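What follows is a short report on a single structure.
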Amino acid sequence: MFLAAVLLMMAAMAKAQPAQLDLDAKYVTTCQRNTRWDADALRQTVRQFADRLMAISRAEALTDYYIGPMMFEGDIVAYSFSDQVVSPLLLARRSLQDNSGVGSLLVGKRMLDRKISIRQLASLNGAQGVPLLGSVTADANGVAPAADLTLVRNGFMTRLLCGRYPALNSLESTGNDRFVDNPEKAVTSSCAPGVLQVTIDGAKPLGKLMSVLCRQSASAGLQWTYVVRQPSGFTPCLYRVNVRTGEETLVRVSEMPMPDKTQLLHVLTSSKEQNELNTLFNNVGCSFVTPRAIIVDDMEYAFKKPKAESQLPVVNPALRQ
């Protein structure tokens with residue numbers, strides 16, 4: 001089964017005062033084709049988008065050097081696993097470039113925290129009412145993917161995702177040779193994930209994670225800790241948290257932190273609640289079902305103020321000559 005999707009994007013830019021800093025944010029929604037848009041819901045979404053962007057533009061610009069635990073919540077959890085684990089390590093690529101052989105050499109070896117497992121659930125076509133774009137019954141070569149395929153078990157890689165092109169330690173196709181959705185080019189295929197589920201042992205209710213984060217930060221002698229929060233479809237925001245009171249303050253930085261492969265070796269805990277993300281992976285629709293939030297220990301990051309610009313790239317039409 002293939003679920004077509006319609007993508008709606010709203011983008012805007014606000015000018016922060018008095019530092020004249022430009023900020024960008026966007027919102028993307030997905031739905032099944034033939035779904036009728038709810039005009040009132042779209043207007044409400046635009047209002048929320050505008051309110052959020054204005055709140056970001058009024059937030060304090062932060063400069064800090066931080067070493068300690070950090071919490072990631074929302075879509076950024078899925079993007080972290082997609083960019084740091086799935087793309088570079090779990091796919092058997094046709095090209096010999098871009099370190100394509102690294103994943104094959106890691107089969108049977110530890111690559112993530114021992115609490116983490118990753119499975120591909122090809123038969124899962126929806127979760128919590130959200131249709132999953134990565135659900136397919138057969139790939140571009142007619143190969144039916146297994147309903148439940150374990151890729152990482154307790155931190156150890158068990159196999160790669162591949163299509164008809166075999167890879168070392170993964171000689172049989174897993175049914176992941178997917179058609180590329182690009183109308184400007186000829187029909188091609190690419191190895192891409194379907195529906196990937198990330199689970200972490202020892203998960204806790206989302207409401208208890210903040211106390212775990214503050215307690216862990218306090219034990220490290222920290223006054224402040226940080227939460228990167230990315231609601232569905234929005235760009236991520238950074239919050240500075242007072243370890244003693246738990247009070248959160250929205251702040252602005254030049255670049256958002258994201259855990260890399262090494263830092264995902266030390267995941268403290270996660271939420272029991274799940275988050276579903278539909279996204280395009282090299283122009284192929286795929287889906288991620290992950291914990292809504294994770295706490296990564298020993299994050300090291302240098303926060304810098306956003307780059308100052310002399311003027312907005314788009315001039316107010318009323319001020320144009």
Side-chain angles (χ1 to χ4, degrees), residues 9-28 45-80 83-84 209-218 220-260 262-263 268 292-319:
M9 182 181 73
M10 288 168 277
M13 184 167 286
K15 188 175 183 181
Q17 296 293 345
Q20 298 185 340
L21 303 171
D22 295 338
L23 303 169
D24 191 12
K26 64 183 72 174
Y27 185 88
V28 180
T45 299
V46 173
R47 294 189 188 99
Q48 293 174 353
F49 170 74
D51 291 343
R52 181 176 184 271
L53 182 57
M54 294 307 298
I56 294 173
S57 68
R58 293 190 292 266
E60 174 190 356
L62 180 67
T63 299
D64 190 14
Y65 182 76
Y66 180 80
I67 300 179
M70 193 178 297
M71 186 164 79
F72 299 86
E73 181 180 344
D75 286 354
I76 193 169
V77 177
Y79 285 123
S80 298
D83 296 348
Q84 302 296 325
L209 290 194
M210 185 60 72
S211 61
V212 174
L213 176 66
C214 291
R215 186 168 59 251
Q216 190 73 9
S217 301
L222 299 172
Q223 180 183 3
W224 307 98
T225 186
Y226 293 94
V227 175
V228 180
R229 189 171 289 130
Q230 184 176 14
S232 178
F234 284 99
T235 54
C237 284
L238 181 69
Y239 294 83
R240 184 174 58 187
V241 181
N242 187 306
V243 171
R244 185 175 60 85
T245 64
E247 181 182 0
E248 299 182 14
T249 304
L250 179 65
V251 293
R252 292 183 290 118
V253 290
S254 60
E255 184 178 356
M256 286 293 160
M258 176 184 288
D260 58 23
T262 302
Q263 291 157 342
L268 193 61
R292 187 173 300 174
I294 63 173
I295 297 178
V296 178
D297 206 359
D298 296 328
M299 286 287 296
E300 180 178 359
Y301 204 80
F303 297 109
K304 299 179 181 179
K305 292 184 179 180
K307 181 180 178 182
E309 302 289 348
S310 59
Q311 62 181 5
L312 289 171
V314 178
V315 180
N316 187 330
L319 301 178

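Below, each value reflects all heavy atoms present in this structure, side chains not excepted, and no hydrogens, waters or symmetry copies. It should be emphasised that the depicted structure is a prediction, and the values quoted were computed from it without experimental measurement.
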- Item | Candidate list E60, E248, E247, test side-chain hydrogen bond (donor to acceptor under 3.5 Å, both in side chains), partner R240, passing option |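 When side-chain hydrogen bond (donor to acceptor under 3.5 Å, both in side chains) is applied between R240 and each of E60, E248, E247, only E60 qualifies.
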Main-chain N/O of [Y] paired to [X] side chain as donor or acceptor, under 3.5 Å:
X    : Y    : value
S57  : M54  : yes
D75  : G233 : yes
Q230 : F234 : yes
Q263 : D260 : yes
T225 : P69  : yes
R229 : E73  : no

- Give, for atom CD1 of I294 and atom CG of L268, the distance between the pair rounded to the nearest 0.5 Å.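 These two atoms lie 10.5 Å from each other.
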- Item | E300 and I67: CA distance, side-chain angles, deciding distance, side-chain contact (heavy atoms from CB on, under 4.5 Å) verdict | CA-CA 4 Å; E300 180 178 359; I67 300 179; 3.8 Å; yes
- Query: At their closest point, which heavy atom of V228 faces which heavy atom of L238, and how far apart are they?
  - Reply: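 Closest pair (atom of V228, atom of L238, distance): CG2-CD1, 3.7 Å.
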- Task: Please test V241 against M210 for side-chain contact (heavy atoms from CB on, under 4.5 Å), starting from the C-alpha separation and ending with a verdict.
- Result: CA-CA 9 Å; V241 181; M210 185 60 72; 4.0 Å; yes
- Message: Let's go through I295 and M71 carefully: what are the C-alpha distance in whole Å and the side-chain angles of both, what is the deciding distance for side-chain contact (heavy atoms from CB on, under 4.5 Å) to 0.1 Å, and is it a yes or a no?
- Response: CA-CA 4 Å; I295 297 178; M71 186 164 79; 4.0 Å; yes
- If the plane angle is over 60° it's perpendicular, under 30° parallel, otherwise tilted; pick one for Y226 and Y66.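 Perpendicular.
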- Message: Under the criterion side-chain contact (heavy atoms from CB on, under 4.5 Å), I'd like the reasoning laid out for R52 against T235: C-alpha separation, chi angles, the key distance, then a yes or no.
- Response: CA-CA 10 Å; R52 181 176 184 271; T235 54; 3.8 Å; yes
